[in-house]
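Single-structure report; data block below.
Below, chains carry the letters A, B, ... as their sequence lines are ordered, and counting in each starts from 1. Computed from a predicted model, the values in this text were never measured in an experiment.
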There are 2 protein chains.
Amino acid sequence: MKIGQATIKDIAKELGVSSSTVSRALKDYPGISEETKRKVKEVAERLNYRPNAVALSLRKSRSFTIGVIIPEVVHFFFSTVISGIEEVAQARGYNVILTQSNESVDREKSSIEAMLSNQIDGFLVCFTKETKDFDHFSKLMDFGFPIVFFDRIPKLEGAVSVAVDDYKGGYEAVSHLIEQGFQNIAHLSGPKSLKISQNRERGYRDALYNHGMQVNEEFIRECPTGTTEEAFSVAMDLLENSKSKPDAFFASNDMAAVGAMRAARKLGLRIPDEMGIVGFSNWQFCSMLEPSLSSVAQPGFKMGSESATLLLDLIEKKIEGSSIKDPIILNTELLVRNSSVRR
Amino acid sequence: MKIGQATIKDIAKELGVSSSTVSRALKDYPGISEETKRKVKEVAERLNYRPNAVALSLRKSRSFTIGVIIPEVVHFFFSTVISGIEEVAQARGYNVILTQSNESVDREKSSIEAMLSNQIDGFLVCFTKETKDFDHFSKLMDFGFPIVFFDRIPKLEGAVSVAVDDYKGGYEAVSHLIEQGFQNIAHLSGPKSLKISQNRERGYRDALYNHGMQVNEEFIRECPTGTTEEAFSVAMDLLENSKSKPDAFFASNDMAAVGAMRAARKLGLRIPDEMGIVGFSNWQFCSMLEPSLSSVAQPGFKMGSESATLLLDLIEKKIEGSSIKDPIILNTELLVRNSSVRR
DNA sequence: AACGTCAACGCAAACGATTGCACGAAAAAA
DNA sequence: TTTTTTCGTGCAATCGTTTGCGTTGACGTT
């Protein structure tokens, strides 16, 4: 009686019929007279009847709700992904339950538990940096429970996943720097544990290699947290203490790129003439910086909408999980701005 | 049998007792022998029993889920708020269902409907810019349905809401500009329909007034969409065509502030010497700009956590909605950076 | 011996909707 | 007129859990 929500029984009582008749009438089942259907629908309308989704979930063991597990919401890329997910889900009549793991595996696991007990229909997950063990996912997948991984993809047989072409992004960014005449390109990499970081780094290496340049291992430095401060000190260290000084940075993330910009500025190096910089993710602020920051754009919204579409198709059995062997790779695009173009 | 989830019946069958006994044993009800309790818990453990939240929702007409309606997720401030909401909800054992209205009233309404049929326990809402009519909210509130409004607050008797001290933020920003010696301070305001825009503008007016300066109506210009481009052209127009040219801008939002910066730069005006600028929201990029942008920081995370706490307290009847007459106002803080401090 | 007490548990209804099956009446076929 | 078919509807079980009330048997009291 909470919100005064009318139930099927209310309609039934009002018309002096059984609830089964009402149920069938509302769904235009055959075997109900037009007359009755009309009356039922009329009363339903008048009582502002809305089916109780919870009762439906219980009956059907389906909730028309998908769960999203994401490391953190306050992150331009992730929020874009969420937006894409939400868009598709809403269009197809699904709810989205959101939890952030804050990069903690324990929270990841407890969120899964909580959502499962809510009869969620499927998961959309970007696991944490520290998730090395995927048992809590594979257990579900063995049951045929629909899961789609996005951005960060697991080493897991039969996992359906959507990722961005990190390799190509890295490759193009570094090629671009080389073409601009930069000779000593350093790489501020992301956490080595993540496939995306590895791929960006591979792109970096291959670009150098294919342009006949040597990879200087000293120039590849991990920035596990990805903050500006961290990158700043790493870049400073590199610029002050390395044997051959870098004249360009390819950062695995935009925040880190800003750290490198700061370091360059602090040392009086002019960007882009004496120092080229390219970031990754194309955060909103890239175009607002001075000089504006070149960056590899990731299609966040598309990643969200594609993953969601995939998941819903899996849930509704429009496609088979086993038919998707390889990760879906979305294209990246290098946006060239002022931080990397020599005048 | 989906996820192979064990039910109370499974436990009951295994032990040859009734499901009522199992239910009571699991909750340590009196009237169940210690022996039985032990056995039940043991089997529950072994079968990895998790209560079915959907069945619970149906029985109790409570879902331990709250609904969040937000204009758009991809927005630094809002994503911060979401983060705060999620944090509190998770800590108190609630799920968060998220929908974005994309500033469309229709979507706002349909989201409400959808969530209601999911037996949601309460709403956390930031309505759209175009929401002028609050019937769809007040109808629910009349039933005593828990709703907390955040950021944008409605003209509605008895609404519980949490906002930021926009007036103070505006007042301090403009006072600061005045103290820095700026004389002709223009205001790029937000959509006039929103209370927050009105309050920021009031702060602007009062600051001028209290410092003995005149308000030049020509200097107050609305930027309804709040994009950089829009602000750029408005600022250009002001700088090129107004009788007395502004020497400072107080923008109702950081994106607009960037637009003003661009306009100044385009006209060769040096910031902050010839032109002072202060924004609002303290988006991440503020500190990364050159010069760094002074801005009024809004406590997004706190707004989220406070609103959520309030909502959950309402839901759990720890507090009475009627006991909260006035909006809860969270403090803003002017972060002075380089864009407004004359050297 | 007859009765009351109490611990320990089961029955069944309820939450709201769906659905296989059965039933009665009317219409059609014989 | 009798039999069969068709149509429109209701009954009751089901999903998983909770909970008011009833039942059972053991034990204690007079």
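- Between the CZ atom of R38(B) and the C1' atom of dA8(C) there is a distance of 16 Å, rounded to whole Å.
- More than 12 heavy atoms of other residues, nucleotides or ligands shown are found within 6.0 angstrom of NZ on K37(B).
- The pair R152(A)-E103(A) meets the salt-bridge criterion, with a side-chain N (NZ, NE, NH1 or NH2) lying under 4.0 Å from an Asp/Glu carboxylate O.
- Residue-level contact check: S57(B) touches neither bases nor backbone, having no heavy atom under 4.0 Å from any strand.
- Separating the CG atom of D28(A) from the C1' atom of dT18(C) is a distance of 16 Å, rounded to the nearest angstrom.
- Remark: side-chain polar atoms of S57(A) are paired, donor with acceptor, to backbone N or O of A53(A) under 3.5 angstrom.
- Within the 4.0 angstrom heavy-atom criterion, only backbone atoms of the sugar-phosphate kind lie near V17(B); the bases stay farther away.
- A heavy-atom distance below 4.5 Å is not found between the side chains of Q100(B) and V96(A).
- Atom CG of L116(B) is separated from atom P of dG16(C) by 15 Å (rounded to the nearest Å).
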Nucleotide N/O to protein N/O under 3.5 Å, stretch nucleotides 17-20 of chain D:
residue : atom : partner : partner atom : Å
dT17(D) : OP1  : Y49(B)  : OH           : 2.7
dT17(D) : OP1  : N52(B)  : N            : 3.1
dT17(D) : OP2  : I8(B)   : N            : 2.6
dT18(D) : OP2  : S23(B)  : OG           : 2.8
dT18(D) : O4'  : R59(B)  : NH1          : 3.1
dT18(D) : O2   : R59(B)  : NH1          : 2.6
dT18(D) : O2   : R59(B)  : NH2          : 3.4
dT19(D) : OP2  : Y29(B)  : OH           : 2.9
dG20(D) : O6   : R24(B)  : NH1          : 3.3
dG20(D) : O6   : R24(B)  : NH2          : 3.1

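- A straight line from CZ of R62(B) to C1' of dG16(C) spans 18 Å, rounded to a whole angstrom.
- Taken over five-pair windows at either terminus, the axes of the helix from dA1(C)-dT30(D) to dA30(C)-dT1(D) are inclined to one another by 80° (rounded to 10 degrees).
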What protein N or O atoms touch nucleotides 24-27 of chain C N or O atoms at under 3.5 angstrom, if any, and at what distances?
none

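- Panel note: side chain E130(B), backbone V105(B); a donor-acceptor pair is recorded below 3.5 Å.
- In terms of modelled atom types and a separation under 3.5 Å, the side chain of S83(B) and the main chain of S79(B) share no donor-acceptor contact.
- A residue-by-residue look at L58(B) and K37(B) shows that K37(B) has its nearest nucleotide of DNA chain C further toward the 5' end.
- Residues F78(B) and V73(B) are not in side-chain contact: their nearest non-hydrogen atoms beyond the backbone lie 4.5 Å or more apart.
- With D133(A) contributing its side chain and D135(A) its backbone, the two residues share a donor-acceptor pair below 3.5 Å.
- The side-chain hydrogen bond (donor to acceptor under 3.5 Å, both in side chains) check on T80(B) picks up nothing, with sequence neighbours excluded.
- Atoms CD (Q5(A)) and P (dG16(C)) sit 10 Å apart, rounded to a whole Å.
- Listed pair S33(B) / dA7(C) fails the phosphate criterion, with no side-chain N or O lying under 4.0 Å from OP1 or OP2.
- Atom NZ of K39(A) is separated from atom P of dT9(D) by 9 Å (rounded to the nearest Å).
- The salt bridge (charged side-chain N to carboxylate O under 4.0 Å, His left out) search around R92(B) returns D313(B), E316(B), not counting sequence neighbours.
- In this structure, CG of N118(B) is placed 14 Å from C1' of dA17(C), rounded to the nearest angstrom.
- For residues 92-135 of chain B, the pairs satisfying ring-ring contact (aromatic ring centres under 6.0 Å, His included) are F64(B)-Y94(B), F123(B)-F145(B), F127(B)-F134(B), with sequence neighbours left out.
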